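Just so we're clear, the structure is a prediction, and the values are computed from it rather than from any experiment. Chain letters run A, B, ... following the sequence lines, proteins first, then strands; residues in each count from 1.
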There are 2 protein chains.
Amino acid sequence: MARRNEHSRDELREMALAAAETLLDQQGSEALSTRKIATAIGYSAGSLYQVFKNYDDLCWQLNQRTLAMLLAALDTDAAQTLNPGAALQRYGQQYLAFATQWPQRWSLLFEHSTPLDLDTPDELEQAITQLFGKIEQPLSQLFTDRSAEQISEAARTLWAGVHGIAVLRAHNKLFQVQGGADAMASTLLERYILGWQQEISA
Amino acid sequence: MARRNEHSRDELREMALAAAETLLDQQGSEALSTRKIATAIGYSAGSLYQVFKNYDDLCWQLNQRTLAMLLAALDTDAAQTLNPGAALQRYGQQYLAFATQWPQRWSLLFEHSTPLDLDTPDELEQAITQLFGKIEQPLSQLFTDRSAEQISEAARTLWAGVHGIAVLRAHNKLFQVQGGADAMASTLLERYILGWQQEISA
DNA sequence: CAATGTAATTAATCGCTGTTTAATAAAGTC
DNA sequence: GACTTTATTAAACAGCGATTAATTACATTG
């Protein structure tokens with residue numbers, strides 16, 4: 001068959017990733033496959049290997065797009081105008097909301113573990129660094145007398161905490177109250193900050 | 001071939017689960033398969049279906065054993081003699097240590113999401129409830145004037161927080177400092193408790 | 001325009017997976 | 001010893017990621 005140049009390489013890549021996102025959203029990561037993606041865009045499965053190194057590479061590129069979406073979702077300029085504590089609260093709520101809105105994409109982002117041979121792509125690591133940077137900013141406003149390392153560690157701790165809440169909620173069954181995740185993240189952030197301020201004044 | 005009754009049903013089940021744990025520890029959950037497990041115990045893959053409903057069921061039973069191990073690891077009576085704050089710290093460190101010692105089993109416990117059709121087995125839910133109970137005890141000692149619901153929510157929040165730290169550490173690359181997880185969990189617990197106490201006195 | 005070379009696309013194949021089915025062999029029963 | 005029951009397996013099925021050879025379309029040259 002081979003209708004050549006009907007789509008450019010980049011077009012094919014974009015079509016495949018878009019189709020994969022749709023399949024992922026509708027059927028979950030378990031049901032995702034090269035054959036289904038290829039069929040969805042009217043190509044053969046083998047053609048995907050001209051655009052992706054392998055299935056793992058395709059997943060990384062999916063995750064990269066998801067991370068970009070997540071960063072954009074946290075990029076409301078409202079965070080700039082709010083006071084630092086409220087900004088942190090807002091980040092937490094937005095993170096949980098993102099995990100709710102895109103459960104499958106968000107889940108793939110963290111369930112897809114690096115298969116030991118290759119390490120995390122640079123662009124993914126940069127996005128994660130960017131994510132932590134967002135949290136460090138209001139934190140450094142709140143704790144001006146703390147070192148950059150302490151701010152960085154606190155940012156990672158708080159993000160890990162909110163992430164853990166999202167993880168447990170995603171795996172159902174761990175919370176009886178459904179609306180509890182938001183409140184839990186809120187108190188986690190509030191009490192951590194209050195406690196840290198208490199440490200300093202002591 | 002069919003040498004019958006060489007092993008009882010329960011023996012076969014035990015052999016399969018033990019072999020699966022070895023394979024899991026050595027090669028990870030991705031490499032685990034019914035054929036490999038069966039070969040390891042000198043049986044055919046089909047024989048496993050007399051003891052396990054399906055592969056998912058086998059994973060659930062693996063996870064059940066892992067949860068039992070985790071509960072046992074947290075069952076040091078030292079927690080009873082320590083003051084509440086130190087007991088919580090100890091639980092956190094022991095949880096992180098468990099995730100370090102059994103990375104593959106611990107990972108399977110949370111990566112293996114329920115495939116929608118069947119819900120989490122009762123025995124697993126009970127074990128999780130037991131886990132939360134352990135955390136609630138020192139918390140209720142620290143915060144005697146709080147309601148059971150508030151204690152319960154705090155226990156889940158703190159456990160989610162420590163769990164999130166373990167998750168991020170397991171997926172490598174998210175922390176530059178390797179020994180940082182312990183310190184992060186420690187400060188998370190300490191500052192949360194301090195902050196909560198501050199809330200009360202206010 | 002025709003011939004050649006090149007690159008895209010696919011059908012077929014490989015080895016793997018979980019799962020089911022029919023055949024087989026051993027044990028229990030009368 | 002004959003018959004039933006049950007454990008066990010080999011074989012098959014559908015699907016997976018990945019590779020390969022063949023085919024088809026395009027581009028380039030003479």
Original post:
Using 4.0 Å as the upper bound for N to carboxylate O, is an ion pair formed by B:Arg9 and B:Glu14?
Top reply: no
Between [N] ([atom2]) and [X] ([atom1]): distance, integer Å:
| X | N | atom1 | atom2 | answer |
| --- | --- | --- | --- | --- |
| B:Phe52 | C:dT20 | CZ | P | 15 Å |
| A:Leu58 | D:dA18 | CG | P | 10 Å |
| A:Glu30 | C:dT17 | CD | P | 16 Å |
| A:Tyr49 | D:dT20 | OH | P | 13 Å |
| A:Tyr43 | D:dT24 | OH | P | 17 Å |
| A:Tyr55 | D:dG15 | OH | P | 16 Å |
| B:Gln50 | C:dT20 | CD | C1' | 14 Å |
| A:His7 | D:dA25 | NE2 | C1' | 16 Å |

Subject >> 5'-most by nearest nucleotide on DNA chain D - B:Gly46 or A:Ala31 >> reply: B:Gly46
Subject >> Pair A:Gln89-A:Gln93, side chain to side chain contact (heavy atoms under 4.5 Å, CB included): steps then yes or no >> reply: CA-CA 6 Å; A:Gln89 290 284 350; A:Gln93 302 304 317; 4.2 Å; yes
Subject >> B:Leu32 or A:Ser47, whichever maps to the more 5' nucleotide of DNA chain C >> reply: A:Ser47
Subject >> Presence of donor-acceptor pair under 3.5 Å, side chain of A:Arg35 and base of D:dG15 >> reply: no
Original post:
Without hydrogens or angle criteria, can the side chains of B:Ser107 and B:Glu111 be said to hold a donor-acceptor pair below 3.5 Å?
Top reply: yes
Original post:
Judged by modelled atom types alone, do A:Arg146 and A:Ser140 share a side-chain donor-acceptor pair under 3.5 Å?
Top reply: no
Original post:
Any idea which of C:dT10, C:dA8, C:dT19 is nearest the A:Ser44 side chain?
Top reply: C:dT10
Original post:
Under 4.0 Å between a side-chain N/O of A:Arg9 and OP1 or OP2 of C:dA8, yes or no?
Top reply: yes
Original post:
Between A:Trp159 and A:Arg156, is there a cation-pi geometry (under 6.0 Å to ring centre, at most 45° from the normal)?
Top reply: no
**OP:** Check every strand shown and say whether B:Ser33 touches a base, only sugar-phosphate, or nothing at a heavy-atom separation below 4.0 Å.
**Re:** sugar-phosphate
